[in-house]
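The structure appears below as C-alpha cells.
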Amino acid sequence: MIWVLGALSFGALVVGAAGYFLTLHEIDEVFDDSLKQTALLLADRDLATALPSQPAAAVLSPSDTESMLVTIARRLDGTLLFSSQPEVSLRFEAKPGLSVQRQNGTDWDVFTVAQSDRVVQVAQPVEVRREAAAESASQLLMPLTLLVLLIGGLLVVALRRGLRPLGRVNSALRQRNASSLEPLNLDGVPREVLPLVLTLNELFQRLAAAFEAQRSFVANAAHELRSPVTALQLQVQVLERSVDPAEKTEAMAELSAGSARMRHLIEQLLRLSSAAPDTGADPMAVEERVSLAAVVKEVVVRQSIDAERRYIDLGAQAGLELTVSGNAAQLEILLNNLVENALRYAGSGGIVDVIADRFEGLPSLRVVDDGPGVSLADRPRVFERFYRSREAVASAESGSGLGLAIVKAIADRHGAIVSLHTGRDERGLEVRVVFPVA
Ligand SMILES: Nc1ncnc2c1ncn2[C@@H]1O[C@H](COP(=O)(O)OP(=O)(O)OP(=O)(O)O)[C@@H](O)[C@H]1O
Ligand SMILES: [Mg+2]
C-alpha cells in the first residue's frame, strides 16, 4: 500500500508541477501578447482626446484590476503625459519591445512602443503570471489528491478483504499444538494461498510419518532391550538361589552372553541414530576421499578371528585405486555389518568374499556368501528396523535386526544403492553397494 500510494502521490505531484510550468509558459505568451496589443493601441490613440480623465487603458483592458496592467505615456524628453497608476513609476526607456524591470522589489514585464512624439509603456507585475499558473496547477491538484485518497481507501478495503483468508489460515495454524498434524481445511482458501496450504499439508503429512517412525523406533528399541534385561534378571535370581556350583557357572555364562547381546543392541542403536539423517549430528560433515581397499582391509582384519572361530574362509579382493567420497568410519560400519551377517548366517565351513571393484563402471562393495540366503519375500523387509527373518530368529545367532537398516542409512548418505542378489553357486546372498561416480 505504501508503495502504491507513494507512486500515486508522486505522480500527482509531477502532474501538478508540469501543469504549473506549462500554464506559466502559455500565460507568458498570452500576456506578452496582450501587453503588446495594449501598448500599440495606446500608441496610435490621440492621447489628447483621452486625457486627462481615465484613459485608454480602462477602455482597452477592462479587466485591468485583475491583470494589473499599468500604462504610461511620456514625451520623448521624458515628461509624463499620462499614467494609469501614478504611484507606479517605471524607468523611462526608449528601447522598444519586451523587457523586465525591477522596481521597489517587484519585477515588471514591460512592453515599450516608441513613436515620433512619445513613448508608451504597458507593464504588468511578473507575480500576476505566477499566481495565475499556480492557481491553475492547484485546480489540477485538487481532483488528483481526491483520487489518491479514494484509491488509498479502496486499497485498504480490498487488501483487508483479500487477506482475510490468510488470517483464517493463520489462526487455524496458531490454534494447533505440536501433535495435531492433520491437514488444514481447504474450504474457502483462495487460489493464491492454495499452493502454500497444500505444501503445508504435505509437510504435516511428512512430519506425522516422521513422528510415527520415531515413536515406533523408540517402542521397538524399548521392547528389544526388555528381553535381554528380563533374561539377565532371571539369571541373577538363579545365581542368588542356587547352591550348585555347576548351575552357578552356567548362570554366569548366560549373564555374560546376555549382557554382550545388550551391548551389541545398544551399539547398533547408537550407530543407527548417528547414521540416520533424521538425527541432529551429521556424520557426513567430515567428507573425505575414502579408499575402498582400506575399508575392506580394516573390516576383514577385524572379522578374521570370528571367521576362524566359525571355520569360514573369509577372502578379500580390492582394487587399490578405487575411492569414493564419504566418511571412512561410517563406511567401515556399513561393511562390518554386511560381513558380520555373512559370517553369522553362512554357517560353519562356508565361504565369504568381500570384494571392492567396479560394477558397471561404478565403484562398488560386495559381500558374497554361500549360506541360506534371503528368500525373495523377505528381501524388501530385511532393511526394516528390527526385522529378522524367521530362520534367523530360530537360529542360534542373536541379533537386533538393525544391521541392514544401518547399512541402508549409511548408503543413502553416500548416495549409494544397496541391493540383494543370490550369492555364490546359485545359493547364499550377495549384498551389493554401488556408489555414485566420484
Ligand atoms: N548374509 C545373510 N544370509 C542370510 N540372511 C541374512 C544375511 N544377512 C541378513 N540376513 C537376514 O536379514 C535379517 C536382517 O539383518 P540385519 O543385519 O539387519 O539384522 P541382524 O543381523 O538380525 O541383527 P544385527 O545385525 O543388528 O545384529 C537377518 O535377521 C537375516 O534374517
Ligand atoms: Mg546383521
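When a ligand or atom number is given, it counts from 1 through the structure's own listing order.
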Exercise. Do H25 and T23 get their side chains close enough for a donor-acceptor pair, meaning under 3.5 Å?
Worked result: no
*asked:* More than 12 heavy atoms of other residues, nucleotides or ligands under 6.0 Å from CD of E426: yes or no?
replied: no
Check for me whether H264 has a heavy atom closer than 4.0 Å to any atom of ligand 1.
yes
protein heavy-atom neighbour closest to atom 3 (N) of ligand 1 works out as Y345 CB, 3.4 Å
Next on the checklist: Looking at R310 and E397, is any side-chain nitrogen of the basic one under 4.0 Å from a carboxylate oxygen of the acidic one?
Outcome noted: yes
Nearest non-hydrogen protein atom to atom 23 (O) of ligand 1, with distance, is G401 N, 2.8 Å
| message | I'd like to know if K36 pairs up with D32 as an ion pair, taking the criterion as any Lys NZ or Arg NE/NH1/NH2 lying under 4.0 Å from an Asp or Glu carboxylate oxygen. | response | no
Please report whether ligand 1 has a polar contact with Y387, defined as an N or O pair separated by less than 3.5 Å (distance criterion only). no
Within 45 degrees of the axis of the six-membered ring of F217 and under 6.0 Å from its centre: does R385 put its NZ or CZ there? yes
Per-atom filter on ligand 1: closer than 4.0 angstrom to a heavy atom of A392 are 29 (O), 30 (C), 31 (O)
- Query: Can an N, O or S atom be found in N341 less than 2.8 Å away from the Mg ion (ligand 2)?
  - Reply: yes
Residue, atom and distance of the protein heavy atom nearest atom 26 (O) of ligand 1 read S400 OG, 2.5 Å
among protein heavy atoms, the one nearest atom 5 (N) of ligand 1 is V374 CG2, 3.4 Å
Residue, atom and distance of the protein heavy atom nearest atom 22 (O) of ligand 1 read R388 NE, 2.6 Å
*At the 4.0 Å heavy-atom cut-off, does R344 count as touching ligand 1?*
yes
The atoms of ligand 1 lying under 4.0 Å from a heavy atom of Q268, numbered in the order shown, are 24 (P), 25 (O), 26 (O), 27 (O)
| task | May I ask whether F383 has any heavy atom positioned less than 4.0 angstrom from an atom of ligand 1? | result | no
For atom 9 (C) of ligand 1, the closest protein heavy atom turns out to be N341 ND2, 3.4 Å
At under 4.0 Å between heavy atoms, what of D369 touches ligand 1? The answer is side chain
_Check: L404 N/O within less than 3.5 Å of ligand 1 N/O_ = yes
Scanning both residues in full, the closest heavy-atom pair of L140 with G19 reads CD2-CA, 4.2 Å
Exercise. Indicate whether the side chain of Q303 and that of N336 have a donor and an acceptor atom separated by less than 3.5 Å.
Key: yes
**Message:** Taking the basic N atoms (NZ, or NE/NH1/NH2) and the acidic carboxylate oxygens, is any pair closer than 4.0 Å for D109 and R129?
**Reply:** yes
Expected output: side-chain D370 to main-chain I351 donor-acceptor under 3.5 Å: yes
Item checked: Lys/Arg cation over aromatic Y20: R130, 6.0 Å, 45° cone -> no
Taking only non-hydrogen atoms of G373, do any sit less than 4.0 angstrom from ligand 1? yes
CD/E430: more than 12 non-hydrogen atoms of other groups inside 6.0 Å: yes
Output yes when the distance from some N or O of ligand 1 to some N or O of L402 is under 3.5 Å, and no in every other case.
yes
Could an N or O of ligand 1 be found under 3.5 Å from any N or O of E340, whether backbone or side chain?
no
| said: Checking the N or O distance criterion of under 3.5 Å, is ligand 1 in contact with G403? | reply: yes
In this structure, atom 2 (C) of ligand 1 is nearest to the protein heavy atom L429 CD2, 3.6 Å
Practice problem: Measure from the side-chain N and O atoms of R432 to the backbone N and O of V418, and report whether any donor-acceptor pair falls under 3.5 Å. | Solution: no
For ligand 1, find out whether one of its N or O atoms is nearer than 3.5 Å to an N or O atom of P372. no
Review point. R261 and S398: side-chain donor and acceptor closer than 3.5 Å?
Key: no
shortest atom 12 (O) of ligand 1-to-protein heavy-atom contact is with V382 CG1, 3.2 Å
One finds that the ligand 1 atoms under 4.0 Å from a non-hydrogen atom of S389 are 29 (O), 30 (C), 31 (O)
inquiry  = Any nitrogen or oxygen of S398 lying under 3.5 Å from a nitrogen or oxygen in ligand 1? Just yes or no.
reply    = no
_Can you tell whether the side chains of R102 and D107 come within less than 4.0 Å, N to carboxylate O?_
yes
